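One structure is given below, encoded as C-alpha cells.
Just so we're on the same page: letters track the sequence lines, and every chain starts at 1. Just so it is clear, the structure is predicted and the values come from calculations on it, not from any experiment.
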Amino acid sequence: MNQVRVRFAPSPTGFLHIGGVRTALFNWLFARQQQGVFLLRIEDTDQSRSTDESIQAIIDGMKWVGLDWDEGPFRQTDRMDLYRSHAKKLLETGHAYWCVCKAEELEARRKEAEAKGVSPRYDGRCRNLGISRPAGDAALRFKAPREGQTVVDDLIKGKIEFDNTILDDVIVLRSNGYPTYNFSVVVDDALMRITHVVRGDDHLTNTPRQIPIFEALGFAVPRFGHLPMILGSDKTRLSKRHGATSIMAYKDMGYLPDAMVNYLVRLGWSHGDQELFTRQELIEKFAWDHVQTSAAVFNPDKLLWMNAEYIKTSPPHHVAQALVPLLEQAGLQEAVESVSGESLAQLVVLVKERAKTLVDMVHWVRPYFGESVLFDREAAKKFLTPTIAPLLQKLLSRFEAVPSFSKQGWEEIFKKLVEDEGVKMGAVAQPVRVALTGRTASPGLFEVMEVLGRERTLFRLRKGIERASTG
RNA sequence: GUCCCCAUCGUCUAGCCUGGCCUAGGACAUUGCCCUUUCAAGGCAGUAACACGGGUUCAAAUCCCGUUGGGGACACCA
C-alpha cells in the first residue's frame, strides 16, 4: 500500500478563510491518521490577484490553528518550467492545440450563448486548425474527449458519472505563458504524488475536466473527495456579511485554536453523539464515511459554547498563555509583566466559568491587577452608601483582627457578622463585592479575597468604606 | 439555460448502506424549575424534525421513481 499523500492548496488572494481551514483540517487529519504526508502548496498563478501578504496570512493561520505540513510551502510560480514542459508534451502527443481566439471574442461569444440560453462553451473552432507555431498571442487548449464518460469515485459522495460531451477544451496555457488552474493542479498533484485530492465541493465539476489531463500525461489518477460547503445562516455560501470568516479574526475575538479545530471538524463530520474531541481523538476517529454529504450552516452560537468548554477544561496555564497577547492589547502590558505566570493561571481558574472567550476573560480578570480598583459608577452608587458604611467598618475591624488570611476562616467571620447583625447575606455581600472588584458581578467573594490576598483585600475594603461614607 | 451535488428538530447531527430495536437519540439555541452572596457555571425538565407525492413490502426516516426546494459549476479566476 502506497503512503498517503495529501495537500492543502489555497490561492493567496486574501485572508485564510475558515472554510479553507476546514478543508486543510480534513486533509491533515487523514494524513496524520494514515501516517502519511501533508503538504502545503500555494496556487499563485493568477499574478494579478496573488499577494505576498496573503501567503503570509495562510502560513500564520495554519500555524495558529496548529496544522503543520511536512512538505512545502510550494509556490506554483516557482514551478513554471514544469507546467511549460508538460504543456509541450501535451502538444507533442496531440492532446493539445493552439487557439488564437482573442479573449474579447470568447467573452462576446459566451455572452451571446448565455443570452440564447445555450450552454456557454468554447465552440472548438481552433481545434482542427493544426496551428504549429502561432504568429501572435495564442493559448494552448487541451483536447478533451468528446465521447464516453468520466467516472469519479468520490471518497465522500460515492460514484458520480459525467458525460464527456459536457467537457470543454480548457485552456492549459494562457497566452501570457502562465498555466491555468485546471492544468497546474494536475501537473502538481501528479508530480507531488498526491494520492487523495480532498477539496471543496465547488471543485466537483472540475474533476472530470482534470482526469483526462492526468490520463493524457500518462499519470496515475488520484482518488478524489469533495467536502460540502459551509453556508451562512441564510443558507448561502458563507461570506463576510454573515460575520467573520477569516481564521485570524477568531483569534482576535478570543477563540482558542483547539475549540476552533473541534468545531470546524465537527461541522460536517460526526462520531456518534460525541461533541468534544482532543486532537488525538480526532486523528484516531476520523473517517470519510462519516463526513456529511450536504452543506452545513455555520453556527456561531455553538462555536461560542465550544470555546467556553475549552476555556473551562484546558490547562489553566495554557489558557493564560493565550490570554497574554489580549491583555497586552487591552493596555495591561505593565500589569501582565508584574505578575507571574502562576498567578495568571490562578486568575484564569478564578474566572474561567464566566468567560466564553478570551476577550471576555480580559474583562473579568481586570479588577485583580493593581492595588486599588476602579469603581463602576452605578455599582458604587447603589451599594456603597453611607448607610452601609458602619457595617463595612465592622467587617473590616474583624478581618483586621486576624493576622493571616484563610478562605474558610474569613468566610466564617463574614457569616458570623451577618448573623450578629441580623441582616441578609446579600446586604453585605454586594457592597463588599463592589468594594473589592468595583462591580456587582464577580466570582465568589472568598475566592476573590484569596486571589487578592489579605493586604489588598483590607486596602480595598478601606477604600470602599471611604467611598461609601462620602456617598 | 445545461450539467453535477444535496434534503431528519431553528442549527450541527445519530439512525439510512445491511428496512422492523424509532413512541426518531444527542448537542447548540430557546423555555421553565432547582442550586445560589452577585454574575456565571452546573443539575433537572420541556418545546421542536424524517420536504412532498407515488410505488415496493406484512412492515419505509431507511429501498425505487417523480416533484419541489436548496447549493455548486459552466473564465486566458482558483
(message) Could you check whether any side-chain heavy atom of A/L344 comes within less than 4.5 Å of a side-chain heavy atom of A/F369, counting everything from C-beta outward?
(response) yes
(request) Report yes if the side chains of A/L282 and A/W269 come closer than 4.5 Å at any heavy-atom pair, otherwise no. (result) yes
(request) Go ahead and name the base partner of B/rG20; Watson-Crick or wobble counts if both distances stay under 3.5 Å, otherwise write none. (result) B/rC58
With a 4.0 Å cut-off on heavy atoms, is [X] in touch with a base, just the backbone sugar-phosphate, or nothing at all?
X: A/R110; answer: sugar-phosphate
X: A/L173; answer: nothing
X: A/E309; answer: sugar-phosphate
X: A/S175; answer: base
X: A/I171; answer: base
X: A/C101; answer: base
X: A/F414; answer: nothing
X: A/E107; answer: nothing

To the nearest Å, give me how far apart [atom1] ([X]) and [atom2] ([N]) are.
X: A/E43; N: B/rA78; atom1: CD; atom2: P; answer: 9 Å
X: A/Y263; N: B/rA27; atom1: OH; atom2: C1'; answer: 11 Å
X: A/K302; N: B/rA27; atom1: NZ; atom2: C1'; answer: 4 Å
X: A/D273; N: B/rA24; atom1: CG; atom2: P; answer: 16 Å
X: A/I58; N: B/rA78; atom1: CD1; atom2: P; answer: 14 Å
X: A/M306; N: B/rU11; atom1: CE; atom2: C1'; answer: 13 Å
X: A/D168; N: B/rA75; atom1: CG; atom2: P; answer: 6 Å
X: A/K356; N: B/rC28; atom1: NZ; atom2: P; answer: 10 Å

(message) Quiz question: going by heavy-atom distance under 3.5 Å, is there a donor-acceptor pair between the base of B/rG42 and the side chain of A/E353?
(response) no
(request) Determine the sole option in A/L267, A/T245, A/L231 for which the side chain to side chain contact (heavy atoms under 4.5 Å, CB included) test with A/F298 is passed. (result) A/L267
[X]/[Y] aromatic ring centres below 6.0 Å:
X: A/F8; Y: A/W69; answer: no
X: A/Y255; Y: A/Y263; answer: no
X: A/F286; Y: A/F26; answer: yes

(request) Select from A/W305 and A/R49 the residue whose nearest nucleotide in RNA chain B is closer to the 5' end of that strand. (result) A/W305
(request) Between A/L303 and A/H271, name the one whose nearest nucleotide on RNA chain B is closer to the 5' end. (result) A/H271
(message) Taking the P atom in each of B/rC21 and B/rA59, what is the distance between them to the nearest angstrom?
(response) 14 Å
(request) Determine the Euclidean distance between corresponding P atoms of B/rC28 and B/rC4; express it in Å to zero decimal places. (result) 40 Å
(request) Decide salt bridge (Lys or Arg N to Asp or Glu O under 4.0 Å) for A/K102 and A/E107; before the verdict, give the C-alpha distance in whole Å, the side-chain angles of both, and the deciding distance to 0.1 Å. (result) CA-CA 9 Å; A/K102 296 265 176 292; A/E107 178 71 27; over 6 Å; no
Looking at the side chain of [X], which of [options] is the nearest nucleotide?
X: A/I160; options: B/rC12, B/rC74, B/rC4; value: B/rC4
X: A/D46; options: B/rA75, B/rA78, B/rG26; value: B/rA78
X: A/K312; options: B/rA14, B/rG26, B/rA41; value: B/rA41
X: A/R121; options: B/rC76, B/rA14, B/rC74; value: B/rC74
X: A/H290; options: B/rG42, B/rG15, B/rU13; value: B/rG15

(request) Establish, with yes or no, whether the OP1 or OP2 oxygen of B/rA14 is under 4.0 angstrom from a side-chain nitrogen or oxygen of A/Q274. (result) no
(request) Kindly say if A/T45 contacts the phosphate of B/rA78, meaning a side-chain N or O under 4.0 Å from OP1 or OP2. (result) yes
(message) Treating primed atoms plus P, OP1 and OP2 as sugar-phosphate and everything else as base, which nucleotides of nucleotides 64-73 of chain B get B, S or - for protein heavy atoms under 4.0 Å?
(response) -------SBS
(request) Could you run through nucleotides 34-39 of chain B and give me one letter per nucleotide, 5' to 3': B if any protein heavy atom sits under 4.0 Å from the base, S if only the sugar-phosphate is that close, - if neither? (result) ---BBB
(request) For the pair A/L238 and A/H17, evaluate side-chain contact (heavy atoms from CB on, under 4.5 Å) and give the outcome as yes or no after the intermediate values. (result) CA-CA 10 Å; A/L238 189 67; A/H17 194 272; 4.2 Å; yes
(request) Given side-chain contact (heavy atoms from CB on, under 4.5 Å), test A/N176 with A/Q47 step by step and report yes or no. (result) CA-CA 11 Å; A/N176 67 4; A/Q47 73 287 39; 3.4 Å; yes
(message) Would you compute the distance between atom NZ of A/K157 and atom CG of A/L227 and round it to the nearest 0.5 angstrom?
(response) 9.0 Å
